[in-house]
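Order of the sequence lines fixes the chain letters, A, B, ..., with proteins taken first and strands second; residue numbering starts at 1 for each chain.
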2 protein chains.
Amino acid sequence: MPATIRDVAAAARVSPATVSRVLNGKVEVAEELRDRVHAAVTRLGYRPNGLARGLRTRATTVLGVVISDITNPFFPLMVRGVEDFAQSSGYSVVLANTDEDLVKERRYLEVAAAERMAGVILSPASSRRTDVSVLTRHGIPLVAVDRELPGADVDGVFINNHAAAREATEHLAAQGCRRIALIAGPSATSTGERRLAGYRAGLRASGLPSDPELVRRADFRVGGGYQATLDLLATRERPDGLLVSNNLMALGALQALQEQGVDVPGDIAFVSFDGISWAPTFRPTLTVVEQPTYEIGRRAAELLLARVGGDRGPARKVVLPAELKIGQSSSRR
Amino acid sequence: MPATIRDVAAAARVSPATVSRVLNGKVEVAEELRDRVHAAVTRLGYRPNGLARGLRTRATTVLGVVISDITNPFFPLMVRGVEDFAQSSGYSVVLANTDEDLVKERRYLEVAAAERMAGVILSPASSRRTDVSVLTRHGIPLVAVDRELPGADVDGVFINNHAAAREATEHLAAQGCRRIALIAGPSATSTGERRLAGYRAGLRASGLPSDPELVRRADFRVGGGYQATLDLLATRERPDGLLVSNNLMALGALQALQEQGVDVPGDIAFVSFDGISWAPTFRPTLTVVEQPTYEIGRRAAELLLARVGGDRGPARKVVLPAELKIGQSSSRR
DNA sequence: GTGAAAGCGCTAACAG
DNA sequence: CTGTTAGCGCTTTCAC
């Protein structure tokens with residue numbers, strides 16, 4: 001049975017209000033009382049009850065980060081960015097993983113609302129079907145990351161997916177590729193759509209035709225990338241260039257290429273979105289569109305805490321630059 | 001301003017108590033009232049305030065998972081195991097990342113206590129210095145995973161690190177390695193210590209001498225594995241076998257070997273703990289000690305929820321088997 | 001079966 | 001500057 005503020009007050013021979021004042025440091029308290037309170041707190045091992053405090057103040061100091069796939073190495077670094085900024089402002093960060101599942105996502109947004117979290121950073125499972133009304137109804141600020149949320153008028157931090165995909169495609173074309181394939185993400189995600197559009201723009205700019213057979217949809221996961229690659233390799237005329245829309249699918253694609261004895265970059269030049277930790281050890285070294293992952297998290301936390309602090313301005317979209325890092329995998333001499 | 005239980009009660013022309021009874025379904029309520037309540041709940045978009053409920057019932061339905069390094073691919077799958085079990089029992093799971101930092105760890109345990117989480121699964125940053133008293137004092141059940149917590153008498157789920165390291169070492173010896181090196185984890189972690197002891201036992205069983213120069217401590221991170229490997233390669237007589245105590249360090253080790261032009265397995269046979277997602281695409285395929293990661297999470301959640309449910313028995317330690325998966329990286333013909 | 005009332009632990013408002 | 005009082009939203013006696 002943990003000590004309550006009344007226990008501390010009794011032990012320090014002051015009122016509960018004084019204990020509260022000492023602990024929250026808003027109001028000046030005489031030094032002697034302050035010392036007595038601190039002593040009592042230590043002696044009793046008192047920890048304020050966050051539930052009671054949150055109930056009373058109608059605000060907690062916990063931020064929720066709801067991400068779409070915890071196995072994607074993209075997120076850890078983003079979370080670090082969030083944490084570093086949040087903790088410097090006295091907030092704690094808890095994570096939840098939706099697994100790209102709208103039902104789980106809804107459940108976690110409900111948890112965030114029920115626990116009255118101060119704010120939420122969300123990587124939406126779907127740009128169209130994700131429903132954030134449970135947060136807005138409770139006045140809980142939200143920042144979208146990675147994927148846009150067109151329906152809701154909320155802050156967001158993204159990269160310029162269109163330009164990045166276009167640049168990657170043009171790079172492949174400049175390497176002499178004539179049949180550049182794309183493994184696209186789910187049409188439900190803005191990321192998937194923008195990267196597809198950028199790819200098409202890159203083909204046009206390079207004077208290459210757009211062959212629907214060269215575009216495969218997959219689910220942003222390893223298995224999807226693997227299957228899509230097998231499908232692409234089974235086409236009449238194999239592609240000579242491949243752009244993969246995220247890192248997990250790239251993993252699957254590389255595995256499929258390897259199993260099929262396709263040489264990278266000899267037979268097919270290869271570019272993917274998002275680095276992963278193994279990139280430096282992989283041979284050939286990979287050409288990747290590298291996102292400023294940590295910075296995405298940091299900026300998202302910054303936007304969010306501004307809202308938590310009462311900022312009521314119009315929704316802000318922050319677009320950070322992604323960088324095409326050229327390795328051996330796309331280099332056809 | 002979200003709707004409260006009183007709003008719902010007023011709208012349904014019943015008392016708040018009745019609304020509560022309907023929502024929690026413990027007590028029978030007349031069908032007509034029940035329908036009115038449900039209608040009001042939907043119409044007002046009512047969500048019970050978890051803080052108020054938790055304050056009143058002295059229990060929440062949130063489990064905390066506090067892990068030591070979110071960038072380690074070991075954890076996501078474990079978390080899945082926790083989530084799957086927890087959600088089937090009506091609990092939500094939130095994560096926190098300590099980054100192997102005792103200060104962050106303490107802060108998150110305090111958050112868990114302040115938020116009165118129902119229970120905590122912890123991968124301790126240090127077997128000796130991690131302090132879980134803030135949880136025990138509040139009666140919050142705890143399950144340790146991956147690393148033991150010798151000071152505290154708590155439940156835990158682990159693998160048999162000693163046996164696994166020994167088996168891996170004997171495997172290397174059986175491949176003809178005479179100078180088997182180990183990149184060990186921090187001595188602060190039980191995992192690091194047990195794997196070291198198992199390695200030594202493996203050497204003894206294989207009739208090989210134990211050369212302290214062949215053992216390097218590192219920090220379970222990529223950079224540490226990289227540096228340790230460079231150090232090992234700089235010794236007078238290079239090792240011909242290498243066992244690495246976790247996946248992230250293995251990544252660094254592989255990078256160092258590659259940069260130094262050391263052939264795997266030709267010059268050095270290689271085994272590491274924990275698979276990672278890229279393992280299938282890596283050539284040579286890796287020999288790894290594979291942990292039942294998902295199962296570790298599932299069992300941890302199971303133990304934890306038993307405690308949450310009031311189980312007061314003695315501390316249980318679950319030891320799951322790890323499996324040596326032999327690939328090309330350790331095969332010297 | 002249902003309502004009224006009390007109280008979980010805390011802080012904000014109000015006196016003093 | 002400090003104490004008293006009230007109440008955040010919910011569940012749980014206790015009456016009826």
Side-chain angles (χ1 to χ4, degrees), chain A residues 1-38 40-41 44-62 110 113-118 137-140, chain B residues 1-38 40-41 44-62 110 113-118 137-140:
Chain A
M1 201 55 35
T4 73
I5 202 170
R6 304 180 73 99
D7 300 330
V8 176
R13 288 166 293 129
V14 298
S15 75
T18 297
V19 176
S20 172
R21 288 191 266 256
V22 170
L23 262 34
N24 295 301
K26 294 288 179 192
V27 191
E28 283 301 294
V29 174
E31 193 177 333
E32 196 201 318
L33 297 193
R34 229 168 43 214
D35 292 346
R36 293 217 305 263
V37 168
H38 281 136
V41 164
L44 300 178
Y46 170 70
R47 314 247 92 236
N49 182 325
L51 300 174
R53 173 181 280 172
L55 179 59
R56 179 64 235 228
T57 61
R58 308 166 148 280
T60 63
T61 58
V62 177
E110 285 177 357
E115 302 303 322
R116 300 300 194 263
M117 290 182 186
R137 189 182 317 124
H138 287 268
I140 297 177
Chain B
M1 199 57 35
T4 74
I5 201 171
R6 304 181 72 98
D7 301 329
V8 175
R13 287 167 294 129
V14 297
S15 75
T18 297
V19 176
S20 173
R21 288 192 265 255
V22 170
L23 262 35
N24 295 301
K26 294 289 178 191
V27 191
E28 284 300 294
V29 174
E31 192 176 336
E32 196 200 319
L33 297 194
R34 228 167 45 213
D35 292 346
R36 293 218 305 263
V37 168
H38 281 135
V41 165
L44 300 179
Y46 170 71
R47 314 247 92 237
N49 182 324
L51 299 175
R53 174 180 279 172
L55 179 59
R56 178 64 232 230
T57 60
R58 308 163 150 282
T60 62
T61 57
V62 177
E110 285 177 356
E115 302 303 322
R116 300 299 193 265
M117 290 183 186
R137 188 182 319 124
H138 288 267
I140 297 177

Can you tell me the distance, in whole Å, between the [atom1] atom of [X] and the [atom2] atom of [N]?
| X | N | atom1 | atom2 | result |
| --- | --- | --- | --- | --- |
| A:R56 | C:dG7 | CZ | C1' | 15 Å |
| A:I5 | C:dC8 | CD1 | C1' | 14 Å |
| B:N24 | D:dG9 | CG | P | 17 Å |

Taking 4.0 Å as the cut-off, does a side-chain nitrogen or oxygen of [X] come that near to OP1 or OP2 on [N]?
| X | N | value |
| --- | --- | --- |
| B:R58 | C:dC8 | no |
| B:T4 | D:dG9 | no |
| A:N49 | C:dC8 | no |

query: Between B:R116 and A:R47, what is the shortest heavy-atom contact and its length?
result: NH2-O, 4.1 Å
message: My understanding is that only residues two or more places apart in sequence, or in another chain, count here; which of them pass side chain to side chain contact (heavy atoms under 4.5 Å, CB included) with A:R53?
response: A:N24, A:P48, A:T57
task: Give a yes or no answer on whether the side chain of B:D35 reaches the backbone of B:E32 with a donor-acceptor pair at less than 3.5 Å.
output: no
- prompt: Does B:R58 reach the main-chain N or O of B:L55 with its side chain, forming a donor-acceptor pair under 3.5 Å?
  reply: no
message: In the structure I gave you, are the side-chain heavy atoms of B:V37 and B:L23 within less than 4.5 Å of one another anywhere?
response: yes
Sort me out a list of protein N/O and nucleotides 2-4 of chain D N/O pairs below 3.5 Å, or just none if empty.
unit_1 : atom_1 : unit_2 : atom_2 : d
D:dT2  : OP2    : A:A30  : N      : 2.7
D:dG3  : OP2    : A:S15  : N      : 3.1
D:dG3  : OP2    : A:S15  : OG     : 3.3
D:dG3  : OP2    : A:T18  : OG1    : 2.6
D:dG3  : N7     : A:R21  : NH2    : 2.5
D:dG3  : O6     : A:R21  : NH1    : 3.3

- prompt: Looking at five pairs on each end of the helix from C:dG1-D:dC16 to C:dG16-D:dC1, what is the angle between the two axes, given to 10 degrees?
  reply: 40°
- request: Go through B:R36 and B:V14 one step at a time and tell me if the side-chain contact (heavy atoms from CB on, under 4.5 Å) criterion holds.
  value: CA-CA 9 Å; B:R36 293 218 305 263; B:V14 297; 3.9 Å; yes
